[in-house]
Amino acid sequence: MHHDRKMKKWRPFASIPEQYIGLQEVINKQAEVPQPLLTEEQMEQINFILIEALHTNKKVYLTYYKQGQIITETGFIQFVDSLKVYLILLMKKNI
């Protein structure tokens, strides 16, 4: 049973746990998106924006690709390491 707005809804194709797991995998697979490819110019622009946000302490909306999904986080850039290709995003509540 699925609860939605305090109403029980019957999910006929997910009544057996094994079926539910299999169906969930199919649904997740259909929701996957291909990894976007960035041009050199786009990467330079992103790098410029990251460095600017780091020095001015501006809030950024960081969108990234992870395991077939596009994820967006909001926060402040705390650290950027362009050699190891990673950054630290500080997320505060009520931003």
Side-chain angles (χ1 to χ4, degrees):
M1 295 282 172
H2 176 67
H3 299 281
D4 183 39
R5 291 184 245 145
K6 299 185 182 181
M7 296 174 59
K8 291 184 178 181
K9 293 186 178 183
W10 182 55
R11 298 181 76 182
F13 298 107
S15 57
I16 300 173
E18 294 82 19
Q19 284 181 330
Y20 179 75
I21 292 169
L23 283 173
Q24 193 62 42
E25 288 174 3
V26 170
I27 291 169
N28 290 343
K29 189 72 172 170
Q30 288 177 342
E32 284 185 8
V33 295
Q35 184 172 0
L37 299 174
L38 299 174
T39 65
E40 191 68 34
E41 184 178 323
Q42 289 171 320
M43 288 189 284
E44 287 176 11
Q45 184 179 14
I46 290 170
N47 189 42
F48 176 77
I49 292 169
L50 290 175
I51 298 300
E52 180 184 19
L54 174 66
H55 292 295
T56 60
N57 201 30
K58 283 186 177 179
K59 179 171 62 172
V60 294
Y61 297 93
L62 182 67
T63 302
Y64 59 95
Y65 176 86
K66 182 178 181 182
Q67 298 176 345
Q69 296 187 356
I70 304 293
I71 301 167
T72 300
E73 302 284 352
T74 305
F76 296 91
I77 303 295
Q78 187 176 9
F79 179 77
V80 176
D81 187 340
S82 56
L83 294 177
K84 294 183 181 178
V85 191
Y86 78 91
L87 60 88
I88 297 175
L89 181 70
L90 180 62
M91 296 183 290
K92 296 180 182 177
K93 292 183 180 183
N94 300 327
I95 292 179

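The structure displayed is predicted, hence computed values, not measured ones. The figures here come from the full heavy-atom set of this structure, side chains too, leaving out hydrogens, waters and symmetry mates.
With values rounded to the nearest 0.5 angstrom, Tyr64 atom OH is found 13.5 Å from Gln35 atom CD. Atoms CG and CD, on Asn28 and Gln30 in that order, are 9.5 Å from each other to the nearest 0.5 Å. Atoms CG and CD, from Asn57 and Gln78 in turn, are 9.5 Å apart once rounded to the nearest 0.5 Å. A distance of 10.0 Å separates OG1 in Thr56 from CZ in Phe76, rounded to the nearest 0.5 Å. Distance check, rounded to the nearest 0.5 Å: OG1 of Thr74 to CG of Leu62 gives 9.0 Å. Here the CG-CD1 distance, from Leu87 to Ile51, works out to 9.5 Å after rounding to the nearest 0.5 Å.
At most 12 non-hydrogen atoms from other residues, nucleotides or ligands lie less than 6.0 angstrom from CD of Gln45. The local environment of CD in Glu41 is sparse, with at most 12 non-hydrogen atoms from other residues, nucleotides or ligands closer than 6.0 Å.
Each of Tyr65 and Val60 belongs to its own hydrophobic cluster when Ile, Leu, Val, Met, Phe, Trp and Tyr are linked at side-chain heavy-atom distances under 4.5 angstrom. In the hydrophobic clustering of this structure, Val80 groups with Met91; members are Ile, Leu, Val, Met, Phe, Trp, Tyr whose side-chain heavy atoms approach within less than 4.5 Å, directly or through other members.
Considering every non-hydrogen atom in both Met43 and Leu38, the closest pair reads CG-CB, 3.8 Å. The minimum heavy-atom distance between Leu89 and Glu73, with the atom names listed, is CD2-CB, 3.8 Å.
With sequence neighbours excluded, no residue forms a salt bridge (charged side-chain N to carboxylate O under 4.0 Å, His left out) with Glu40.
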